[in-house]
Amino acid sequence: MIRLGSMLPQAFMIGIIEMVNEAGPEKTAEWLTNIGKEMAKTQGPGLEGSPLDGLNYLPFCPFADELIRFIDIFGEHPEEFLKIVQYAKEREAEDKNKVECPAVATFICLLHNAYRKKRAKMAGYETIHLACKAIMPSAPTAYNEEAIKVAGITKEEVDNILQKGSCIFKFIKKE
Amino acid sequence: MDISEADKLYENCVKILKENQHPNGGFYASPPGTRYPFIYPRDHSICILGAISADLLKEAKHGLEFMLAAQKPSGEFSQRYDVDGNDTSYKDLQIDGNGLILYALNQYLKATGGLFYDSLADKAFCNQYWEAIEKAVEFILINKNNEVDLIHTINSIHEYPAYEHGFEIYANCTCCTGLFGAIEIGEALGKDVDEWKQQAQQIRLAILERLYSPRRRSFIKCIRVKYKSSEPIGYDAFASSVIDVDAVEYSPAHFGLIDEHDLRNVKTIKRIHEKLWDKELGGLNRYPELWNRNNGGYGPWCHFTCQLSNHYTAIGDQDMAEKYLWWVVEMAHDHMLPEHISTVERFEMWLEDYSNARILRDSKLTMIENVRSHPKWKEGFAYVTMPLIWPHAEFIRAYNNYKNKFIKR
């Protein structure tokens with residue numbers, strides 16, 4: 001049940017569905033990325049996550065609960081959400097600089113990665129996003145193979161971290 | 001009290017404080033390679049106050065520079081930072097950090113001036129950071145609820161929203177004293193701070209009226225309110241109060257908002273001592289056992305024990321001041337202090353509760369290993385997070401107060 005006092009996150013997700021239908025997944029992906037960057041500016045420089053052997057990870061996705069609530073109410077994987085993920089993957093396939101791309105398990109990864117990346121950039125770090133575990137069991141985990149290579153670890157090691165976490169990334173100090 | 005033992009602990013506390021300041025200025029909460037190798041504004045501020053008390057004014061200034069430069073664009077100080085001043089927080093708002101930094105800054109200003117405040121105080125430093133001071137004050141004031149004139153927070157000193165989300169006493173006292181500190185700085189610099197004065201007075205009055213229970217003759221922990229802008233707050237989803245005893249209910253006097261002899265404070269201290277002095281181990285617990293949230297088992301905390309000793313020192317009760325401080329001296333291991341002390345039995349009970357509930361995580365597993373491998377384990381003690389820097393700074397402050405009152409005459 002949606003309570004009035006806590007309906008804004010759900011309303012935001014309805015808005016995303018509307019946006020995909022009105023403007024398409026490309027514009028929506030760009031919009032979500034811009035929101036992440038703008039939010040980052042309000043917070044200043046920062047490095048997210050728990051440090052672990054030169055990487056950082058999040059024990060759980062901070063958006064998972066709201067997303068699961070939404071899916072519980074509106075049905076698993078609204079088509080519009082999948083369209084955004086699909087678009088992000090196609091864009092990554094065409095991108096010459098794949099290491100820079102987010103590992104997108106859900107549409108919200110675009111906003112989150114843009115936020116994390118911008119804050120790290122303000123702190124003087126580049127960010128590479130290695131993997132993100134899908135929130136819904138039926139959806140696949142997203143990997144950025146190039147980023148995993150650059151981080152110097154194997155996919156098995158990434159999977160081991162994902163046993164206790166949901167999202168893995170690495171901050172690289174800019175020279 | 002064995003003064004020579006206390007002196008040795010004091011000397012080591014000063015050494016530890018110096019050794020745990022990163023070259024960039026931040027005081028680690030615990031040394032690199034241990035549990036909390038980050039800079040937490042709350043711990044860091046107390047370390048600055050410890051440095052001031054130990055006459056380490058250069059170190060105090062460096063600590064202030066570090067934190068003032070790390071302020072977020074909104075004026076907030078985050079839960080924690082890395083050694084380069086990057087926000088690495090993972091918890092929601094803890095607004096007491098804003099109050100503590102302003103308070104520490106004003107204490108630094110006063111210490112640099114001493115008896116010749118007008119001519120010697122480091123006003124140039126405060127002037128350099130005036131914009132950060134203004135932003136820190138504004139951030140506190142945007143979190144003030146206009147119905148009750150109290151500051152809203154999500155976390156406070158125990159980082160525990162279940163009991164601290166709302167108008168919490170430590171957060172309100174630190175913010176209020178921080179505002180008064182900013183006002184004093186502003187006046188020294190010739191700034192117009194009239195509006196801040198009015199706001200600080202409102203908050204002080206609200207603390208004394210709304211966070212005090214005449215029937216219990218004690219300050220209370222918190223008025224739980226979910227949203228800072230709820231008005232009327234009676235309709236807020238959380239609307240309730242936390243009346244459990246908590247060591248930080250001493251905050252109104254500790255931060256100079258009321259006199260130590262004020263009956264409201266004296267009676268509050270009586271309740272704290274009766275309910276939180278550990279009957280088995282001695283020392284002061286931070287809150288009741290049933291909160292069941294002491295990682296590593298219920299037990300007394302060195303820094304809260306030091307804090308409360310200041311009350312007994314201030315009112316001239318040497319026996320009680322000594323009882324509190326001597327406990328800290330006695331419990332030190334190799335002249336170092338842990339976060340808190342528990343017993344093997346309590347540790348195992350805590351471990352069982354947390355294992356059953358499946359709420360142990362990696363950092364706690366490391367802590368468990370460290371507690372079990374500490375030499376005190378064989379004596380039946382669980383020394384948790386050793387050393388934590390904060391209690392060393394508190395001991396410096398409390399012991400200097402004690403010596404100034406009872407020894408240096």
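Here the structure is a predicted model, which is why all the values come from computation and not from measurement. These numbers come from the heavy atoms of this one structure, side chains and all, not from hydrogens, waters or symmetry mates. A note on names: the letters A, B, ... follow the listed sequences, proteins ahead of strands, and every chain is numbered from 1.
- Nearest heavy-atom pair, A:Gly49 versus B:Arg80, reported as atom, atom and distance to 0.1 Å: O-NH2, 4.5 Å.
- In this structure, CZ on B:Arg361 lies 8.0 Å from OG on A:Ser50, to the nearest 0.5 angstrom.
- Remark: A:Met19 CE is packed, more than 12 non-hydrogen atoms of other residues, nucleotides or ligands lying under 6.0 Å away.
- The local environment of CD in A:Glu145 is crowded, with over 12 non-hydrogen atoms from other residues, nucleotides or ligands closer than 6.0 Å.
- In the displayed structure, A:Lys98 atom NZ is contacted under 6.0 Å by more than 12 heavy atoms of other residues, nucleotides or ligands.
- Atom CD of A:Glu92 has more than 12 heavy atoms from other residues, nucleotides or ligands within 6.0 Å.
- Residue A:Lys41 touches chain B through its backbone alone, counting heavy-atom pairs closer than 4.5 Å.
- Contact of B:Tyr227 with chain A is made through the side chain alone, with heavy-atom distances under 4.5 Å.
- Proximity to chain B is limited to the side chain of A:Pro51, based on heavy atoms less than 4.5 angstrom apart.
- Other residues, nucleotides and ligands place more than 12 heavy atoms under 6.0 Å from the CD atom of B:Glu19.
- Around CZ of A:Phe60, the count of heavy atoms belonging to other residues, nucleotides or ligands within 6.0 Å does not exceed 12.
- Using a 4.5 Å cut-off between non-hydrogen atoms, the part of residues 110-129 of chain A that approaches chain B consists of A:Arg119, A:Ala123, A:Tyr125.
- Surrounding NZ of A:Lys37 are at most 12 heavy atoms belonging to other residues, nucleotides or ligands under 6.0 Å away.
- Near-neighbour residues of residues 82-97 of chain B relative to chain A, defined by a heavy atom under 4.5 Å from a heavy atom of that chain, comprise B:Asp82, B:Asp84, B:Asn86, B:Asp87, B:Thr88.
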